[in-house]
Amino acid sequence: MSFRSVCIMSRFCIYSSHSAPELILLRCNSSFNFRWFSSKKSETSPLVASKDKINLVVNNFSVSKIFQHWKNKLQQRKKVSAIDLALNSVVKVFTVSSKPRLFQPWQICLQSECTGSGFVFSGRKILTNAHVVADHTSVKVRKHGSPTKYKAKVRAIGHECDLAVLEINSEEFWEGMNPLEFGDIPSLYEEVVVVGYPEGGDNISVTKGVVSRVEPREYSHSATELLAIQIDAAINSGNSGGPVIMGDKVAGVAFESLDDSENIGYIIPTPVIKHFLNGVEKSGQNVSFCSINLTYQNMENAHIRDLFKMSSGMTGILINRINPLSDAHKVLKKNDVILAIDGVPIGNDSTVPFRKDERITFKHLISIKKPYETALLKVLREGQEYEFNISLKPVQQLVPMHRFDKFPSYYIFGGLVFVPLTKPYIDYSNVSERALETMPKKAGEEIVIISQVLEDDITTGYNVFEDFQVKKVNGVQLDNLKHLCQLIEECCTKYLKLDLEKDKVLAIDYKSAKKATSKILKNLKIPSAMSEDLQPKQLNRRRKVLRQSKKH
């Protein structure tokens, strides 16, 4: 028998689910004795119920069960505030970092300190931003209401998505800490709360705002284009890594704000966070995001659509170039028109549908895939439609967009300092940004440039070649910095000849340059003519043994 109940003072009306209506009134006094009244006639007595029926009602509909039921309902409806969640979840991160000098890669900059935010999630781990702990020498964490800073270890880091996972090996720290749960992408104009430790004070801070935009954008830390959420809550220095809460769950991680603007901040949404954390769980450390590895143009002009035989109902993008190292290069061709990805049609403006009445760039469909997953591309080629399954994998760009947490490579010979070209170098030099558009022809390829010319008689007049790309060494086409180092070290001709960009040529007497190198290193207190990654393995092994013996 099932019942539906209404509680009024000390009386309970109970309705049976039988087809024949039966009203049962159960009355209780202060001693919780029960009397049974029934509207249905009984063969034995119209007023007294059987002992079995009484026991059935008492066992299945006790006062204590009713009280507990409504208590649970009230607890479920009680709204948990963001600050209640944050007090035992959000932490302040203290980082000491030391970065190598960009133009003197054999030297390390003075230590610098910065603070950020983070929060606890499942598995006794802390999530923060990668830029908060980049190039760190020390990371410590302090929880709310505690004067103690606990030493933390960077468990994994993803510079592309600007996220990092910290671990703390202290039972004392984890006492009373509660993990936060991840939610979904908030809708436009939904209210969110930013929690963290921004500048202007030392205690935890809470600011409120609404979601203004959801679309891919270039992350400033890595120059990688990934999904981001724009909010109008203030995000200041120190907020980085803190949670953005919607209801009782995390909607994203605060990571940057727009310069020269008011109340325009950006957060990393949960799909990007989950992609990173799933990758960390599988690989254990660094996580990469996929790219389609090609350049394209929109097809909004009717004439270009006609030229490439697109019918009136077709929309898509035109392929211009394909990265030779990608799997797409084996299947796709220049002038192919990509019509759809995984059944999702691409608009002539390169956008795809996203949620209700929203559109975002098609690149989002690629970036959310795991490395080596496949994508089904619908392609129009010379008026014929084709479908190709293409494996997606991270491909190293010819010019790396960033170089964190590792020492830079360099090689010095005869006062000439050679380094591989990177995006940070372009930002602070006279090298054209057009180099970023160049695609590699084979794996391991780098652009090698003369970073600077150290003063010596042997380099007279060569200062004008700073920031010039080296194309060939003694007529041999150059692959990368390691290849240049090998070609110079094994040179057996009187003169070393370097072919540079813009058809410039540099020549230097090899033996004289070798002697000058030792003198220059000594005068400028440079410890080595080459970075550790370029040194012969036997030499590296010997140095490690010497270091260990000195420690003992």
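The NZ atom of Lys502 sits 15.5 Å away from atom CG of Asp499, with the distance rounded to the nearest 0.5 Å. Summarising the geometry, atom CZ belonging to Phe103 is positioned 6.0 Å from atom OG belonging to Ser451; distances are rounded to the nearest 0.5 Å. Note that CG of Leu377 and CD1 of Ile338 are 5.0 Å apart. Values are rounded to the nearest 0.5 Å. Atom-to-atom distance recorded for Leu307:CG and His303:NE2 is 11.0 Å, nearest 0.5 angstrom. Here the CG atom belonging to Asn523 is positioned 11.5 Å from the CD atom belonging to Glu455, to the nearest 0.5 angstrom. In this structure, the separation between CG on Leu398 and CD on Gln396 is 9.0 Å, given to the nearest 0.5 Å.
Residue-environment remark: NZ (Lys393) exceeds the threshold of 12 foreign heavy atoms within 6.0 Å. Around the NZ atom of Lys99, the shell of radius 6.0 Å holds no more than 12 heavy atoms that belong to other residues, nucleotides or ligands. Summarising the local packing, CG of Asn389 is surrounded by more than 12 heavy atoms from other residues, nucleotides or ligands at distances under 6.0 Å. Enclosure of atom NZ in Lys274 by more than 12 non-hydrogen atoms of other residues, nucleotides or ligands within 6.0 angstrom is indicated. Open room surrounds CZ on Phe407; 12 or fewer heavy atoms of other groups in view lie less than 6.0 Å from it. Within a 6.0 Å radius of CZ in Arg213, no more than 12 heavy atoms belonging to other residues, nucleotides or ligands are found.
Leu127 has its side chain out of reach of Leu166: every pair of non-hydrogen atoms, C-beta onward, lies at least 4.5 Å apart. Two residues are said to be in side-chain contact when any heavy atoms from C-beta on lie closer than 4.5 Å; Pro216 and Lys363 fail this criterion. Using a 4.5 Å heavy-atom cutoff, the side chains of Tyr411 and Lys482 are not in contact. For the pair Phe255/Ile235, no side-chain contact is recorded, criterion being any heavy-atom separation below 4.5 Å from C-beta on. Between Leu436 and Lys423, the closest side-chain pair of non-hydrogen atoms falls below 4.5 Å. Looking at Ile346 and Ile341, their side chains come closer than 4.5 Å, going by heavy atoms from C-beta outward. Between Ile447 and Pro420, every side-chain heavy-atom pair lies at or beyond the 4.5 Å cut-off. Here the side chains of Ser237 and Glu199 are in contact, with some heavy-atom distance below 4.5 Å.
The backbone N or O of Val133 lies less than 3.5 Å from a partner atom in the side chain of His136, making a donor-acceptor pair. With hydrogens and angles disregarded, a donor-acceptor distance shorter than 3.5 Å links the side chain of Thr137 to the backbone of Val96.
Note on ring orientation: taking the six-membered ring where Trp is involved, the planes of His159 and His402 are tilted (angle from 30° to 60°). Phe465 and Tyr462 have tilted rings, their planes meeting at an angle from 30° to 60° on a 0 to 90° scale. The aromatic rings of Phe354 and His364 sit perpendicular, their planes meeting at an angle over 60°, well past the 30° parallel limit.
For the residue pair Ser326 / Asn323, no side-chain donor-acceptor distance below 3.5 Å is found, with atom types taken as modelled. Checking Ser97 against Asp135 by side-chain atom types alone, no donor-acceptor pair falls below 3.5 Å. Between Thr95 and Glu113, the side chains place no donor N or O within less than 3.5 Å of an acceptor N or O (distance only, hydrogens not considered). If you check the side chains of Ser220 and Glu256, you find a donor sitting under 3.5 Å from an acceptor. When only modelled atom types and interatomic distance are considered, Asp467 and Tyr425 share a side-chain donor-acceptor pair under 3.5 Å.
A pairwise comparison of heavy atoms in Val211 and Ile229 identifies CG1-CG2, 3.8 Å as the closest pair. For the pair Lys471 and Glu501, the tightest heavy-atom approach, listed with the atom from each and the gap, is CG-N, 4.0 Å. Of all heavy-atom pairs spanning Ser117 and Gly238, the tightest one is OG-O, 2.6 Å. Smallest separation of non-hydrogen atoms from Ser222 and Met401: O-CB, 3.5 Å. Considering every non-hydrogen atom in both Asn480 and Val448, the closest pair reads C-CG2, 3.5 Å. Thr493 and Tyr510 get closest at one heavy-atom pair: O-CB, 3.7 Å.
Glu358 and Arg355 are joined by a salt bridge, as a carboxylate oxygen and a charged side-chain nitrogen come within less than 4.0 angstrom of each other. Classification of Arg155 and Glu167 as a salt-bridged pair holds, one side-chain N sitting under 4.0 Å from a carboxylate O.
Both the sub-6.0 Å distance and the 45° axial angle are satisfied by Lys149 relative to the ring of Phe94.
Aromatic rings from Phe289 and Tyr219 are positioned such that their centres are separated by 6.0 Å or more.
Taking the side chain to side chain donor-acceptor pair (under 3.5 Å) definition, one finds that Arg381 meets it with Asp336, sequence neighbours left out.
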Before you tell me yes or no, could you show the steps for Asp533 and Lys406 under salt bridge (Lys or Arg N to Asp or Glu O under 4.0 Å), namely the whole-Å CA-CA distance, both residues' side-chain angles and the distance that decides it to 0.1 Å? CA-CA 10 Å; Asp533 60 315; Lys406 60 178 70 173; over 6 Å; no
